[in-house]
*Asks:* 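Okay, here's the structure, questions in a sec.
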Amino acid sequence: MPTHRIIILPEMEGRSIRSIALGCIGMSSSQFKRAKFEGCITLDGVRATADVRVRAGQQLCLSVPEKEAFRPRAMEAPLTIAYEDDCFWVIDKPAPMPSVCGSAQDVVTLENALYAYLGQPQTFLYRPVNRLDKGTSGLMIVAKNAHIQYLLQQQLHTDGFVREYLAVIDGRLAQQEGLIDLPIAKADGATVRREVRQGGREARTYYRVLQQGSRSLVRLRLDTGRTHQIRVHMAHMGCPVTGDFLYGTELPGELPGRFALHSALIRLRHPLTHEWLTVESPIPAALLALLAKNTSDR
């Protein structure tokens with residue numbers, strides 16, 4: 001179980017253990033409740049309650065029992081680990097691999113594949129920080145415990161967590177770069193499809209055109225994280241992501257099971273060291289092949 005140990009600093013003196021856990025360590029309330037109710041809080045080696053006031057120099061220890069782990073069926077598949085440390089993995093997910101298991105799925109998912117990669121551990125809980133559609137390839141973060149997942153998800157959609165994508169789109173955008181600031185909502189009567197609509201949730205996507213022609217290569221940065229955000233925004237601009245079956249035109253011959261969207265960069269502040277970490281993934285060959293056939297209107 002994840003364990004947090006800290007020495008109480010003079011400026012922390014007089015605060016309650018609950019205040020230290022939630023404010024200084026950054027535990028979630030659910031994690032702290034599990035530690036509290038299962039007797040996993042000690043102060044200088046002696047069990048303590050949440051309201052005890054601490055003194056400078058004392059050692060506080062909080063252990064967080066894991067929930068009963070769901071063990072998915074192990075399914076072997078090649079995995080590219082772009083980065084790993086004691087806190088999390090950054091995995092370069094292929095397409096069309098789903099990110100998570102589904103009750104009706106009998107296909108390899110990133111969850112199944114990671115479980116197999118780890119040797120089918122008896123206690124394993126899959127903790128994705130961000131998710132990708134199965135048709136999107138590229139970088140995804142999976143935390144190794146609940147505390148790290150909580151800290152990283154708190155950073156999502158802040159300046160401390162940057163996500164950039166590469167997309168091949170049909171046609172060309174009117175401007176070489178800009179900000180698409182258009183709200184997104186679920187389409188009427190749809191279960192999955194989204195659309196730009198007044199009254200929807202705010203959604204902002206920055207873009208920069210890298211190559212232009214009958215198909216264009218665009219680099220995009222998410223400022224918010226709405227479902228299908230890039231796909232909806234590009235389609236609304238008249239340039240859907242190439243091969244997008246839902247918002248454009250499917251290309252089963254050139255892009256079987258996927259579309260031309262790739263999570264190319266993640267840059268974040270490490271949740272424990274607070275140092276900047278940048279991980280990049282090159283554009284897949286299938287997307288480059290689309291551009292090789294490109295024609296220009298010059």
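We count residues from 1, following the sequence as given. If you're wondering where the values come from, they're calculated on a predicted model, not measured in any experiment.
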*Asks:* Short question: side chain of Asp133, backbone of Thr136 - any donor-acceptor pair under 3.5 Å?
*Replies:*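 No; zero donor-acceptor contacts below 3.5 Å.
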*Asks:* Less than 4.5 Å apart, any side-chain heavy atom of Leu222 and any of Arg204?
*Replies:*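 Not in contact.
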*Asks:* With a distance cut-off below 6.0 Å to the six-membered ring centre and an angular limit of 45° from the axis, does Arg221 pair with Tyr206 as a cation-pi contact?
*Replies:*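 Relative to the ring axis of Tyr206, which defines the angle, Arg221 lies inside both limits.
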*Asks:* Examine the side chains of Ser16 and Asp51 and answer whether a donor and an acceptor come within less than 3.5 Å of each other.
*Replies:*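 Ser16 vs Asp51: no donor-acceptor pair found between side chains.
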*Asks:* Are any of the side-chain heavy atoms of Met12 and Ser19 separated by less than 4.5 Å?
*Replies:*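 Side-chain contact under 4.5 Å: no.
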*Asks:* Should Val46 and Ile6 be counted in the same cluster of Ile, Leu, Val, Met, Phe, Trp and Tyr side chains packed under 4.5 Å apart?
*Replies:*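 Different hydrophobic clusters.
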*Asks:* May I ask you to say whether Asp86 pairs ionically with Lys144, meaning some side-chain N is under 4.0 Å from a carboxylate O?
*Replies:*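 No salt bridge links Asp86 with Lys144.
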*Asks:* Counting heavy atoms not belonging to Arg131, are there more than 12 under 6.0 Å from its CZ?
*Replies:*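 No.
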*Asks:* Do Leu268 and Val162 have side-chain heavy atoms sitting under 4.5 Å apart?
*Replies:*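 No, every pair of side-chain atoms sits at 4.5 Å or beyond.
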*Asks:* Is the count of non-hydrogen atoms from other residues, nucleotides or ligands lying under 6.0 Å from Gln175 atom CD greater than 12?
*Replies:*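 Open: at most 12 neighbouring heavy atoms sit under 6.0 Å from CD of Gln175.
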*Asks:* Are Val90 and Met97 connected in the hydrophobic side-chain network, where two residues link if heavy atoms are under 4.5 Å apart?
*Replies:*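 Per the 4.5 Å side-chain linkage, Val90 and Met97 are not co-clustered.
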*Asks:* Examine the side chains of His157 and Thr224 and answer whether a donor and an acceptor come within less than 3.5 Å of each other.
*Replies:*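 The criterion, which ignores hydrogens and geometry beyond distance, is not satisfied for Thr224 and His157.
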*Asks:* Please report the shortest heavy-atom distance between Gly135 and Arg258, naming the atom on each side.
*Replies:*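 Looking at all heavy atoms of both residues, the closest pair is O-CB, 3.4 Å.
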*Asks:* Any chain of hydrophobic side-chain contacts (each under 4.5 Å) joining Leu151 to Leu277?
*Replies:*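 Leu151 and Leu277: one cluster.
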*Asks:* I'd like to check Ile141 versus Phe161 (side-chain heavy atoms, cut-off strictly below 4.5 Å). Are they in contact?
*Replies:*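 The answer is yes; the side chains approach within 4.5 Å.
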*Asks:* Would you call the rings of Phe88 and His270 parallel, tilted or perpendicular if under 30° counts as parallel and over 60° as perpendicular?
*Replies:*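 The arrangement is tilted - the two ring planes meet at 30° to 60°.
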*Asks:* Is a side-chain donor-acceptor pair under 3.5 Å present for Glu111 with Ser99?
*Replies:*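 No - no donor-acceptor pair under 3.5 Å links their side chains.
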*Asks:* Side chain to side chain contact (heavy atoms under 4.5 Å, CB included) with Met234: which of Thr242, Leu220, Asp244?
*Replies:*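 Only one option passes, and that is Leu220.
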*Asks:* Side chains of Arg5 and Leu60, heavy atoms from C-beta outward: is any pair under 4.5 Å?
*Replies:*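 With C-beta onward as the side chain, the pair stays apart.
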*Asks:* Can you tell me which residue among Val218, Ile180, Ile169, Leu261 is in a side chain to side chain contact (heavy atoms under 4.5 Å, CB included) with Ile230?
*Replies:*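 Testing each of Val218, Ile180, Ile169, Leu261 against Ile230, the sole residue satisfying side chain to side chain contact (heavy atoms under 4.5 Å, CB included) is Leu261.
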*Asks:* Indicate, with yes or no, if Val129 and Tyr115 share a hydrophobic cluster defined by side-chain heavy-atom contacts under 4.5 Å among Ile, Leu, Val, Met, Phe, Trp and Tyr.
*Replies:*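 No, because Tyr115 and Val129 fall into different hydrophobic clusters, even though each may have its own neighbours under 4.5 Å.
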*Asks:* Quick one: does Leu79's side chain get under 4.5 Å of Leu110's, heavy atoms only?
*Replies:*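 Touching, per the 4.5 Å side-chain cut-off.
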*Asks:* Do the rings of Phe245 and Phe259 sit parallel, tilted or perpendicular, given the 30° and 60° boundaries?
*Replies:*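 If you compare the ring of Phe245 with that of Phe259, the planes turn out tilted.
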*Asks:* Short question: side chain of Gln58, backbone of Ile7 - any donor-acceptor pair under 3.5 Å?
*Replies:*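 No, because the side chain of Gln58 does not come within donor-acceptor range (under 3.5 Å) of the backbone of Ile7.
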*Asks:* A side-chain contact here means heavy atoms from C-beta on lying under 4.5 Å apart; do Leu272 and Cys87 qualify?
*Replies:*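 Touching, per the 4.5 Å side-chain cut-off.
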*Asks:* Can you run down the side-chain hydrogen bond (donor to acceptor under 3.5 Å, both in side chains) pairs that involve residues 177-194, sequence neighbours left out, and say none if there aren't any?
*Replies:*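 Those involving residues 177-194 are Asp188-Arg197.
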*Asks:* Hey, are Arg269 and Glu275 close enough for a salt bridge, meaning a charged N less than 4.0 Å from a carboxylate O?
*Replies:*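 No, Arg269 and Glu275 are not salt-bridged.
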*Asks:* May I ask you to test the Asn112-Cys101 pair for a side-chain heavy-atom distance under 4.5 Å?
*Replies:*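 Sidechains of Cys101 and Asn112: in contact.
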*Asks:* Can you confirm whether or not the ring centre of His262 sits under 6.0 Å from the ring centre of Tyr165?
*Replies:*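 Centroid distance His262-Tyr165: not below 6.0 Å, so no.
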*Asks:* Side-chain heavy atoms nearer than 4.5 Å, only ILVMFWY residues, links allowed to pass through others: does that put Phe32 and Val52 together?
*Replies:*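 The answer is yes; both residues are in one hydrophobic cluster.
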*Asks:* For atom CD of Glu11, decide whether the heavy atoms of other residues, nucleotides or ligands shown that lie under 6.0 angstrom number more than 12.
*Replies:*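 Enclosed.
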